[in-house]
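Letters A, B, ... are given to chains in the order of the sequence lines, protein chains preceding strands, and every chain is numbered from 1. Keep in mind it's a predicted model, so treat the numbers as computed, not measured.
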Amino acid sequence: MFEREQQAAETRIRAYLAGEGLPDLDGIQWNPIPFNGEWGISTSFFQLAAQEARQTPDLSGKRTPVPQRAQEIAEGAAKTLTALPGFGRIEAIRGYLNLYFSPLVYAHQVISTVLEGGSSYGCGASKHQRVMVEYSQPNTHKAFHVGHLRNMILGSAICNILECAGYEVIRSTYPGDIGLHVIKWLWNYMNFHAGETPPPDDITRWMGDLYAEADRRLSQNPDLESEVRNLFARWDRRDPEVVELWVKSRQWSLDGFEQMYRQLGVRFDRVYFESEVEDHGKTLVDDLIGRGIAVDERPEGPVIVRLDDLLGLEKEKYRVLVVLRSDGTSLYATKDLYLAILKNQDYALDRSIYVIDVRQAFYMQQIFKTLEIMGYPWAKDCYHLAYEIVNLPGNVVISSRDGTVVLLEDLIREATRRAMQIVEEKNPELTNAQKEEVSHAVALGALRYTMLARDNTKTVTFDWESALDFNGQAAPYVQYAHVRACSILRRLEAEGEQLELSENLSPEGFSLHPTEIQLVDLISRLPGEIQRAAAEFKPLHLTNLAYELARAFTDFYNACPVLKAEPEVRTFRTRLVAATRYALANSLKVLGIHAPEYM
RNA sequence: GCCCCCGUAGCUCAAUGGAUAGAGCAGUAGCCUUCUAAGCUAUUGGUUGUGGGUUCGAAUCCCGCCGGGGGCGCCA
């Protein structure tokens with residue numbers, strides 16, 4: 001945020017190094033000083049000292065050790081950095097050069113920047129790049145369970161983060177609306193549930209129940225398999241009766257999904273149906289055979305792409321990708337290859353992100369490599385954002401077959417119920433509508449935060465107790481800090497006070513409390529952390545920052561009264577509270593967590 | 001057999017190659033005439049799985065080993 005001042009310091013340091021005949025650095029690496037209570041940036045000279053030692057051989061055998069030499073350089077640099085605008089104290093310690101900002105000057109600068117940016121503080125300028133994020137690939141006609149949750153939460157958060165960072169984001173979803181599971185469902189419906197419609201507020205459970213029932217009937221009585229095969233054949237002929245029911249029941253599923261998407265803050269700009277890309281995928285495979293990329297082993301074998309052979313690799317790496325079954329029916333690969341092409345045709349993408357669990361990592365590499373071999377230059381801009389799966393305690397994999405599923409709607413309902421209990425207890429004077437709003441924000445926020453506050457590569461173990469734990473390092477703590485900030489501002493307004501948020505112009509009148517400096521420091525990091533989270537696809541950086549912000553604000557809240565402060569201090573703190581509220585609200589917003597004004 | 005991921009406090013997890021490895025939970029002892037106690041304070045807790053290497057400096061990068069999980073020609 002203070003590039004100008006930093007630049008000035010950098011120029012002076014490099015001038016000093018040149019004057020001393022020391023090797024020049026490509027650029028100076030600045031880090032925040034990792035101690036509380038003061039605020040500044042630091043750089044170290046170990047690298048420089050080590051480089052110097054390498055360049056000039058030590059003949060006497062009594063050269064200064066690197067750490068000590070780094071300290072000498074730091075001290076020398078510190079001496080030349082007198083009267084540096086914007087900085088107060090300067091110190092050289094243990095090889096590090098620490099430049100401390102003049103707290104009030106910078107605090108004002110940070111706060112003003114936040115208040116000007118308002119609800120868009122933290123977001124970056126447009127990068128003029130268009131990126132598609134595909135996430136949520138549920139099967140229609142089946143249940144939605146907590147295993148799907150991480151994908152949706154991660155995908156939607158990544159979209160928000162990329163958007164805030166300055167990318168144009170296209171959110172896409174890829175429902176599995178065809179296949180054996182759909183036929184089974186249709187068979188069960190036609191034979192045992194004809195004419196029924198799903199309960200409007202519990203569609204997905206009903207759809208899932210009917211699927212489970214179909215599965216049960218068929219496994220209990222293998223003779224019925226032929227009926228299902230028969231129905232599949234009718235579907236293949238596009239029998240109008242079957243197609244009509246398929247369209248209608250698919251819509252039920254989609255309506256049910258939409259209900260959950262809305263609650264979870266998930267939305268899409270484009271829906272790609274599996275049914276939409278299947279035929280084109282098969283045509284594409286023909287094309288691949290014609291071009292000699294794919295080998296047609298039918299009828300004895302499937303159509304395959306020998307990736308290692310095509311790439312001339314000695315050691316196995318990409319192996320063999322099967323792109324069409326020996327009976328000519330399609331596979332995931334058939335469709336995924338065409339889908340990738342379609343996405344680029346539709347939107348001329350600069351990047352294409354796939355949010356899919358890590359078990360598909362190898363498969364995704366095969367797909368991208370095949371696209372590269374096909375000659376698509378954008379293949380290198382495809383990226384598989386892999387995340388680890390959600391397990392149940394004892395490393396039990398969630399499976400609808402084993403009956404280990406926790407339905408998403410049950411989880412959301414239970415979380416909301418639990419949150420409502422706590423709201424009733426903590427804040428009974430709220431209206432019923434307010435309680436509803438708060439418990440929803442808390443429950444969904446807690447679920448989202450827990451999922452996002454874990455590195456993508458780490459498995460999540462789902463258990464009810466920790467999923468519904470609203471204490472400690474969790475969304476409600478951050479939300480509560482936001483509520484307190486809102487509360488202070490509300491009281492100021494209620495006192496008839498004009499919220500004096502314009503520049504406070506007497507920076508000499510008082511000094512800042514350490515909690516204020518800490519808070520300002522964290523607020524100033526939001527734009528950088530958003531860029532980092534976008535670059536690394538890690539919402540974790542923002543859950544960390546949001547929590548630290550909340551904690552810093554709570555410390556400030558306990559240490560620094562606002563309403564009862566002296567007028568000048570009170571004005572400063574009011575501005576600081578207003579800035580904190582934006583920083584908290586904005587970081588929660590990109591995480592897809594609602595920031596309530598009361599709770 | 002080959003490839004990928006993980007291993008940090010009793011538990012769940014953090015930590016751009018950088019200064020004293022940090023939080024939460026659980027435990028113990030306290031704090032509501034105060035801007036909301038969904039909070040705060042104090043306190044306990046570590047050979048960062050293990051052995052080498054690179055580096056001025058390694059939880060972080062490289063190699064080996066141990067333990068756990070996942071993937072590898074017609075599942076999705």
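Using a 4.5 Å cut-off on side-chain heavy atoms (C-beta onward), A/Tyr272 and A/Pro175 make no contact. In this structure, A/Met599 and A/Gln434 have side chains that are not in contact, with every pair of non-hydrogen atoms separated by 4.5 Å or more. Using a 4.5 Å cut-off on side-chain heavy atoms (C-beta onward), A/Leu430 and A/Tyr598 make contact. With a 4.5 Å cut-off on side-chain heavy atoms, A/Leu545 and A/Leu526 count as touching. In this structure, the side chains of A/Cys382 and A/Met364 stay at 4.5 Å or more apart for every pair of heavy atoms.
Shown here, B/A14 forms no base pair; nothing in the strands shown gives a Watson-Crick or G-U wobble contact with both key distances under 3.5 Å. The partner of B/G7, taking Watson-Crick or G-U wobble pairs whose two distances both stay under 3.5 Å, is B/C66. Within the shown strands, nothing qualifies as a pairing partner of B/U55 under the Watson-Crick or G-U definition with both distances less than 3.5 Å. Across all strands shown, nothing is found opposite B/A76 as a Watson-Crick or G-U wobble partner with both distances under 3.5 Å. Remark: B/G39 base-pairs with B/C31; criterion is Watson-Crick or G-U wobble with both hydrogen-bond distances under 3.5 Å. Across the strands present, B/G46 finds no partner; the criterion is a Watson-Crick or G-U wobble pair with both atom distances under 3.5 angstrom. Summarising the base pairing, B/C2 is matched to B/G71 through a Watson-Crick or G-U wobble pair whose two defining distances lie under 3.5 Å. Pair check for B/A26 finds none; no Watson-Crick or G-U wobble contact set falls under 3.5 Å.
Heavy atoms of A/Val577 sit nowhere under 4.0 angstrom from any nucleic acid atom. In this structure, A/Ser466 reaches neither bases nor backbone, as no heavy-atom distance under 4.0 Å exists between it and the strands shown. If you check every strand for non-hydrogen atoms under 4.0 Å, A/Gln360 touches a base. Residue-level contact check: A/Val483 touches the bases, meaning some heavy atom is under 4.0 Å from a base atom. No contact: A/Cys486 has no heavy atom under 4.0 Å from any strand. Base contact: A/Ser42 has a heavy atom under 4.0 Å from a base atom. Counting any heavy atom pair closer than 4.0 Å across all strands shown, A/Val323 reaches no nucleic acid atom.
Between B/A21 and B/U47, the two P atoms lie 13 Å apart (nearest whole Å). Atom C1' of B/U12 sits at a distance of 14 Å from the matching atom of B/G7, rounded to the whole Å. Comparing B/A42 with B/C25, their P atoms sit 14 Å apart, to the nearest whole Å. Distance noted for atom P between B/A37 and B/C31: 16 Å (whole Å). Between B/C61 and B/U55, the two C1' atoms lie 10 Å apart (nearest whole Å). Here, B/G46 and B/A23 have their P atoms 15 Å apart, quoted to the whole Å. Taking atom C1' on both B/C56 and B/C3, the two are 36 Å apart, rounded to the nearest angstrom.
The distance between atom CD of A/Gln29 and atom C1' of B/G57, rounded to the nearest whole Å, is 15 Å. Atom CG in A/Asn391 sits about 14 Å away from atom P in B/U12, given to the nearest Å. In this entry the distance linking NZ of A/Lys538 with P of B/C13 reads 15 Å, nearest Å.
Comparing atom distances between the A/Gln473 side chain and each of B/G24, B/C35, B/C3 picks out B/G24 as nearest. Of the candidates B/C35, B/C74, B/A14, the closest approach to any side-chain atom of A/Arg454 belongs to B/A14. In the set B/A14, B/A38, B/A19, B/A19 carries the atom at the smallest distance from any side-chain atom of A/Tyr96. Closest approach to the A/Asp469 side chain among B/C74, B/C25, B/A14 is made by B/C25 (side chain taken as heavy atoms from C-beta onward). The side chain of A/Asn544 approaches B/A15 more closely than any other nucleotide in the set B/C6, B/C40, B/A15. Nearest to the side chain of A/Arg484, among B/C40, B/C25, B/A37, sits B/A37. Across B/G71, B/U34, B/A76, the shortest atom-to-atom separation from the side chain of A/Lys564 is found for B/U34. Listed candidates were B/A76, B/A38, B/G18. Nearest to the side chain of A/Asn471 is B/A38. Comparing B/A15, B/U41, B/A76 by their nearest atom to the side chain of A/Leu540 picks out B/A15. Nearest nucleotide to the side chain of A/Glu316, out of B/G1, B/C25, B/C35: B/G1.
Tested against A/Tyr354, the residues A/Tyr135, A/Tyr383, A/Tyr363, A/Phe368 include a single ring-ring contact (aromatic ring centres under 6.0 Å, His included) partner, A/Phe368.
A/Leu310 and A/Gly292 make their closest contact through CD2-O, 4.3 Å (heavy atoms, listed as atom of the first residue, atom of the second, distance). Considering every non-hydrogen atom in both A/Val146 and A/Phe462, the closest pair reads CG1-CE1, 4.3 Å.
Here A/Phe46 lies parallel enough and close enough to stack on the base of B/G18, with planes under 30° and ring centres under 5.5 Å apart.
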